[in-house]
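Note that the numbering runs from 1 along the sequence shown for the chain. Source: prediction; values computed, not measured.
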Amino acid sequence: MRQHDTLFIGGDWVAPAGTGTIDVVSPHTEEVVGRVPDGTPADMDRAVAAARQAFDQGPWPRMTMAERAAVVGRLAEIYAARQSEMAEIITLEMGSPITFSQMAQAPQPLGMLQYYAGLGASFPVEEERPGTFGPVTVRREPVGVVAAVVPWNVPQFVIMIKLAPALVAGCTVVVKPAPETPLDSYLLAEMVKEAGIPDGVVNIVAAGREAGEHLVSHPGVDKVAFTGSTAAGRRIAAICGEQLKRCTLELGGKSAAIILDDCDLPSAMGFLSIASLMNNGQACVAQTRILASRNRYDEVVDAVASMVRGMPVGDPADPATGIGPLVAKRQQERVQDYIRIGIDEGAKPVVGGLERPYDRGWYVAPTVFAGATNEMRIAREEIFGPVLAVIPYEDEADAVRIANDNDYGLAGTVWTADTEHGMDIARQVRAGTYGVNLYMIESSSPFGGFKSSGLGRELGPEGLSAYLEYKSIARLG
């Protein structure tokens, strides 16, 4: 039982304003494994005030970017020493298989800290340009106080995709973890304090929707960085639009994996299993639409079905587990509803279906649908669980058309023996990130989506620029 009675505000552990608590429930055992304070609007006010003071009066934004990058580098060293503990906590609180937590949930945030520490050491803060009457200095200055609102599926990844560049830029931050996964953020707060980041630069308050909306709409916040559902993103965009507040939104996805006829299926399935079913299918970038030509359709269905059967379902703490439980009962019910919808629409589950693997825990049988079309709801809506739909296409042009025929545009892949031809396909699909024979999110490259998958980009130099304002200073002579 991991119990915390305080919030991390102003560089210290402080008592919450209210008496409410958040129970963290194991998706595997359905038992309470942690308890933290439920942040209130008053707690958010206090956190914003601390971040505001640290930005307006504190040393952090007045340090050079290279100096801030060095502090972020110290945080990375501390994080590296505790990443195994971080992986275990995330598996405990949200059911991510421990192998995935050890491979991605903890190492990827560490990689982001290391990347931005390196980038900030040499990133140009000022540059000179010729002007009409004399030179113009173009400065990059921190945007201010940032509200980082993050989901439960990859909690540290999403925190760090915002926190690392914001810190290097000179911003101060209020992090609102999801109520399902607050425990990892307490370990992060310990690391922040140990790294010597000045008081008030990082504040962490776990809370529900009401306090989250209060934070987003707070007049002391200069920018909102949000990852979550498209519906919530629209609400946040409306609030930020009304206040002319900067925002970055990384939202939903319904990505397509195009299997070309020259693809070596046995070799592709090893990588596709990660790309399509990572984190128990609870990933916005998951390749859940599998597009196969009619020439090889049955062969692809069999290969995908065998791939899924070969991923053991069970205790997420067991290294042998390939697919664990979903994060919450409501998520389990949501995914089961979509499986029913797929059956009602006429698709056939060749693996999985409505039968639950266990009586206890929020498990859903990993399901592969054959006979799916791109018009079905299971092919158009984000399910956020281990459900794949294999969709036939006539030719490559039809495959690209199907891939693009969706409200989302976050990610995608193509699987082929001809990498250059795969690059040609990649250029035709309207998605923010794409892979040829694999799917990766790279710290050095921009991450984000087209269409309803969001606004703006995170990661890479573009992710740092998202936390900077540009100022032009012209002078005579």
Side-chain angles (χ1 to χ4, degrees), residues 253-278 281 285-311 323 335 338-354 365-383 385-406 408 411-419 421-426 428-431 434-439:
K254 192 68 179 177
S255 304
I258 301 174
I259 313 290
L260 298 187
D261 278 347
D262 65 353
C263 171
D264 177 56
L265 288 177
S267 133
M269 290 302 113
F271 290 100
L272 186 60
S273 65
I274 300 171
S276 61
L277 291 171
M278 68 178 88
V285 297
Q287 314 291 295
T288 55
R289 290 185 293 156
I290 314 295
L291 310 190
S293 77
R294 293 197 182 276
N295 295 333
R296 298 189 71 185
Y297 185 79
D298 291 341
E299 188 182 353
V300 171
V301 169
D302 289 344
V304 173
S306 296
M307 172 191 82
V308 173
R309 289 191 190 100
M311 301 179 71
I323 297 178
V335 174
Y338 270 107
I339 293 173
R340 291 187 188 92
I341 288 167
I343 294 170
D344 291 344
E345 288 179 318
K348 177 185 176 183
V350 294
V351 174
L354 291 171
T367 300
V368 177
F369 279 108
T373 70
N374 203 49
E375 290 68 41
M376 293 179 176
R377 286 182 63 189
I378 58 170
R380 303 202 72 82
E381 299 175 15
E382 187 175 43
I383 298 173
V387 179
L388 308 179
V390 187
I391 301 169
Y393 65 82
E394 301 296 336
D395 54 27
E396 290 183 6
D398 190 41
V400 171
R401 180 193 65 78
I402 292 171
N404 286 331
D405 181 17
N406 198 269
Y408 299 106
T413 53
V414 60
W415 305 82
T416 174
D418 185 343
T419 302
H421 185 54
M423 288 294 294
D424 291 337
I425 298 291
Q428 297 176 61
V429 178
R430 289 184 57 76
Y434 209 81
V436 179
N437 295 325
L438 85 171
Y439 181 79

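Rounded to the nearest 0.5 Å, atoms CG (Leu388) and CD1 (Ile290) are 5.0 Å apart. Interatomic distance, CE of Met376 versus CD1 of Ile391, reported as 9.0 Å (0.5 Å rounding). Between atom CD1 of residue Ile259 and atom CG of residue Leu272 there is a gap of 5.5 Å, rounded to the nearest 0.5 Å. Note: Asp398 CG to Ser293 OG = 10.5 Å, rounded to the nearest 0.5 Å. Of the inter-residue distances, the one linking Met423 atom CE with Thr419 atom OG1 reads 9.5 Å to the nearest 0.5 angstrom. In this structure, the separation between CZ on Phe369 and CD1 on Ile341 is 9.5 Å, given to the nearest 0.5 Å.
Contact of the Met311 side chain with the Ser273 side chain is registered, since non-hydrogen atoms from C-beta on lie closer than 4.5 Å. With a 4.5 Å cut-off on side-chain heavy atoms, Ser276 and Met307 count as touching. Residues His421 and Asp262 fail the side-chain proximity criterion, which asks for heavy atoms closer than 4.5 Å. By the 4.5 Å heavy-atom criterion applied to side chains, Thr413 and Leu438 are not counted as neighbours. You'll find the side chain of Leu354 reaches within 4.5 Å of the side chain of Ile343, heavy atoms only.
Summarising the geometry of Ala347 relative to Ile378, their closest heavy-atom pair is CB-CD1, 4.0 Å, with the distance given to 0.1 Å. The shortest heavy-atom contact between Gly422 and Val414 is O-CG1, 3.5 Å. What you find for Ile383 and Tyr338 is that their closest heavy atoms are CG1-CG, 3.7 Å. Across every non-hydrogen atom of Leu291 and Ala403, the tightest pair is CD1-N, 3.9 Å. The minimum heavy-atom distance between Ala256 and Gln287, with the atom names listed, is O-OE1, 3.3 Å. Closest heavy-atom contact between Tyr393 and Asp261: OH-N, 4.3 Å.
Shown here is Tyr297, whose OH atom has more than 12 heavy atoms of other residues, nucleotides or ligands within 6.0 Å.
In terms of modelled atom types and a separation under 3.5 Å, the side chain of Lys254 and the main chain of Glu381 share a donor-acceptor contact. Here the side chain of Asn437 pairs no donor or acceptor atom with the backbone of Ser267 at under 3.5 angstrom.
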Give the C-alpha distance, both sets of side-chain angles, the deciding distance and a yes or no for side chain to side chain contact (heavy atoms under 4.5 Å, CB included) between Leu265 and Val300.
CA-CA 7 Å; Leu265 288 177; Val300 171; 4.1 Å; yes
Criterion side chain to side chain contact (heavy atoms under 4.5 Å, CB included) on Val285 and Met278, from CA distance to verdict:
CA-CA 9 Å; Val285 297; Met278 68 178 88; 3.9 Å; yes
So Arg380 and Glu375, salt bridge (Lys or Arg N to Asp or Glu O under 4.0 Å) or not? Walk me through it.
CA-CA 7 Å; Arg380 303 202 72 82; Glu375 290 68 41; 5.2 Å; no
